[in-house]
Amino acid sequence: MGVHVRLYGATSSRIRWSSDTGSCVGRRHEAPPARAATKYRGLTPQTQAPWLTRDPGRSRGGRVGRGASGEPAGVVQAPRELELIYGFIRGRAGAALTSGRSGAAADRGDKWKSEALASSPQRRPCSDTVLSARQHRVTGFLVSAGDLSISADRLSEKRSPNDFALWKASKPGEPSWPCPWGKGRPGWHIECSAMAGTLLGASMDIHGGGFDLRFPHHDNELAQSEAYFENDCWVHYFLHTGHLTIAGCKMSKSLKNFITIKDALKKHSARQLRLAFLMHSWKDTLDYSSNTMESALQYEKFMSEFFLNVKDILRAPVDITGRFEKWEDEESELNKSFYDKKAAVHEALCDNVDTHTALEEMRALVSQCNLYVAARKAARRRPNRALLESVALYLTHMLKIFGAIEEESSLGFPVRGPGTSLDLESTVMPYLQVLSEFREGVRKIAREQKVPEVLRLSDALRDDILPELGVRFEDHEGLPTVVKLGDREALLREREEKRRVEEEKRKKKEEAARKKQEQEAAKLARMKIPPSEMFLSESDKYSKFDENGLPTHDTEGKELSKGQVKKLKKLFETQEKLYKEYLQMVQNGSFQQNSGD
């Protein structure tokens, strides 16, 4: 899964929001004023995410696969990379290219890009957070970062430490294409320039990638692509996404700690994965763990419950006058908070697309709505339908922008039939509403006629039968039953969790009753002891006693001190009270009943 799914999630959310509002991409990382008007307004569904189109011949195991003909195949064939290299030679960068210093390099067919191209006076600082080679001139750093594992003898072939490979000689078993320098294959950077340039042309709005690709990869892409297209603005904005880690380690095939999207979707839905990414800043590292996904699950449940409650309120029958309700202080306060939260969400997205803060502001808005609804229900008053509907529609709109609601839905998360596009909610809800009203009538009669068997059957329908069908009935004293249609698996998990909690409560209650019984039994056994006998059994502490049974000497025959005697007298008096209480219980007959004596 790695950084790719995070990059797509962050980019698609960014484009949707920018297209929806006509806003500039960022505030902290703004482009120069001359280019700030791009705003993605011209993006169509076909050009918003062209990277989603995948060539059937592309291999999952590497950057280059095999097509039907057996030749190496990818999103773009190697001749396109060669075309770019030829373009460099023919264009303004021609003088900057060299075939290497040594004969060995020429024999291998390596082609290097010269420092002269990277330091062209027409080049400008890159927008966003690009780390440019032109900003870091320390040779040792460039060599280690730009060439990674290249050996020292290979580095000596460069005319400048800032050079990077456009075309590399193929090793035995590697794909190769004929070219003037011998059979070879594209370099890493030229592959990406060829794919992006072929699909998006001489300029693009957003270029994404992992945080570690800022330098040298993206810097080199800019150098060669702008030289080929002869412009100074190949990329308007870079979106460098933080890594996705597992147990603190970067997710990668080399470490064998990766999980595929297909496997991730077996445990969680696409919406839950997207929410997990949205709840963290796109530019920060995200650890894929059970805690991360649990937070996303709780957020989804929190929003889903709000939508279901609003739908139930909107379904309640009202007359024509009920649709035009006069606002009171509670409604005015909630409406003001609604507008404040909308502004806060917009402000967060303008601040470098801060989806984490935006989601938290949306959560706070839902919390305020829940408090309002609870207060109105406690006062046996109807919540304002229009106001709650406006909030729910806004939240639905934002979740659509974030990609958390992909299907067509007027309000909230859609409920579809298994394997179909059927709108299950609109189809079955009228029947469920009738069932709810019938059940409520039966329960009312059962309570009046004192028929507990019918009440138990009604509870079984609610707790055992309906969850199996993805339906939840919520009973509230003095209020109509709330009908909710949700995900069957989620409802079954809720049912099992509820049963588990109830079982734990039952066990704790039984344990508390057992401890209380043991304490009462111990107290009763202590009460039976006459105060004159309570110390006689402690022969290991005392050797002599007075006529009342109070100790006077210890085991060594020494007389007890006044302090010790005073303490023992207090214990004696306490036991004397307990013993009198015991005798009173015996006299009243309650002792035999409790103890069974």
Side-chain angles (χ1 to χ4, degrees), residues 299-346 359 361-401 404-405 407-416 423-441 466 470-487:
Y299 191 93
E300 179 190 41
K301 181 181 178 181
F302 182 74
M303 299 299 293
S304 179
E305 286 298 312
F306 172 71
F307 289 134
L308 292 174
N309 287 330
V310 172
K311 289 178 181 179
D312 181 74
I313 292 172
L314 296 177
R315 281 195 300 268
V318 293
D319 54 26
I320 189 66
T321 58
R323 301 179 184 177
F324 302 96
E325 301 161 302
K326 181 180 179 181
W327 282 18
E328 299 181 2
D329 291 342
E330 295 88 345
E331 284 76 23
S332 298
E333 183 178 347
L334 179 59
N335 187 61
K336 180 181 182 303
S337 178
F338 177 28
Y339 278 90
D340 290 343
K341 294 303 179 184
K342 285 176 66 176
V345 169
H346 184 80
L359 290 186
E361 294 291 351
M362 292 164 61
R363 188 205 298 267
L365 175 59
V366 171
S367 296
Q368 291 173 338
C369 290
N370 289 342
L371 291 175
Y372 164 74
V373 172
R376 301 292 284 190
K377 287 187 175 182
R380 299 292 190 271
R381 301 176 65 185
R382 189 169 49 208
N384 188 285
R385 297 158 53 96
L387 179 55
L388 291 174
E389 185 179 19
S390 296
V391 174
L393 289 173
Y394 166 73
L395 294 173
T396 301
H397 176 68
M398 292 308 302
L399 289 171
K400 284 183 178 180
I401 288 177
I405 299 179
E407 305 93 335
E408 285 297 324
S409 174
S410 58
L411 194 152
F413 300 134
V415 181
R416 304 293 183 193
D423 186 349
L424 201 60
E425 192 168 22
S426 62
T427 304
V428 306
M429 191 55 72
Y431 303 98
L432 293 176
Q433 201 69 39
V434 171
L435 175 62
S436 172
E437 293 170 2
F438 174 77
R439 173 178 172 271
E440 185 61 33
L466 291 179
V471 179
R472 186 201 302 157
F473 278 7
E474 295 180 357
D475 295 326
H476 300 278
E477 187 65 31
L479 295 171
T481 298
V482 176
V483 182
K484 295 181 179 179
L485 189 63
D487 179 68

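Since the model is a prediction, treat every value here as computed from it, not as a measurement.
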Between Tyr299 (side chain) and Leu359 (backbone), is there a donor-acceptor pair under 3.5 Å? yes
Could you work out, with salt bridge (charged side-chain N to carboxylate O under 4.0 Å, His left out) as the rule, every residue matching Asp340, not counting sequence neighbours? Lys336
Do Thr481 and Glu474 have side chains that get closer than 4.5 Å, going by heavy atoms? no
Validation row: Asp312, Leu308 side chains within 4.5 angstrom (heavy atoms): no
Any side-chain heavy-atom pair from Met303 and Leu399 closer than 4.5 angstrom? yes
Given 3.5 Å as the limit, does a donor-acceptor pair link the side chain of Lys311 with the main chain of Leu411, or not? yes
So how far is it from Asn309 CG to Ser304 OG, rounded to the nearest 0.5 Å? 9.5 Å
Donor-acceptor pair, distance only, cut-off 3.5 Å: does the side chain of Arg439 make one with the backbone of Val434? no
Between the side chain of Arg376 and the main-chain N/O of Arg381, is any donor-acceptor distance below 3.5 Å? no
Compare all side-chain heavy atoms of Phe473 with those of Val482 and state whether any distance is below 4.5 angstrom. no
Under the salt bridge (charged side-chain N to carboxylate O under 4.0 Å, His left out) test, which residues partner Glu361, sequence neighbours left out? Lys341
Decide yes or no for Leu334 and Phe338: does some side-chain heavy atom of the first lie under 4.5 Å from some side-chain heavy atom of the second? no
When rounded to the nearest 0.5 angstrom, what distance separates CZ in Arg315 from CE in Met429? 4.0 Å
Less than 4.5 Å apart, side chain to side chain, heavy atoms only: is that true for Phe306 and Leu365? no
Is the shortest side-chain heavy-atom distance between Val373 and Leu388 below 4.5 Å? yes
Under 3.5 Å donor-acceptor, Glu305 side chain and Phe302 backbone: no
Mind checking what makes side chain to side chain donor-acceptor pair (under 3.5 Å) contact with Gln368, not counting sequence neighbours? Ser337
What are the two closest heavy atoms between Thr396 and Ser410, and how far apart are they? CG2-O, 4.2 Å
Is it true that the side chains of Glu333 and Tyr372 contain a donor and an acceptor less than 3.5 Å apart? no
With a 4.5 Å cut-off on side-chain heavy atoms, are Leu466 and Arg472 touching? no
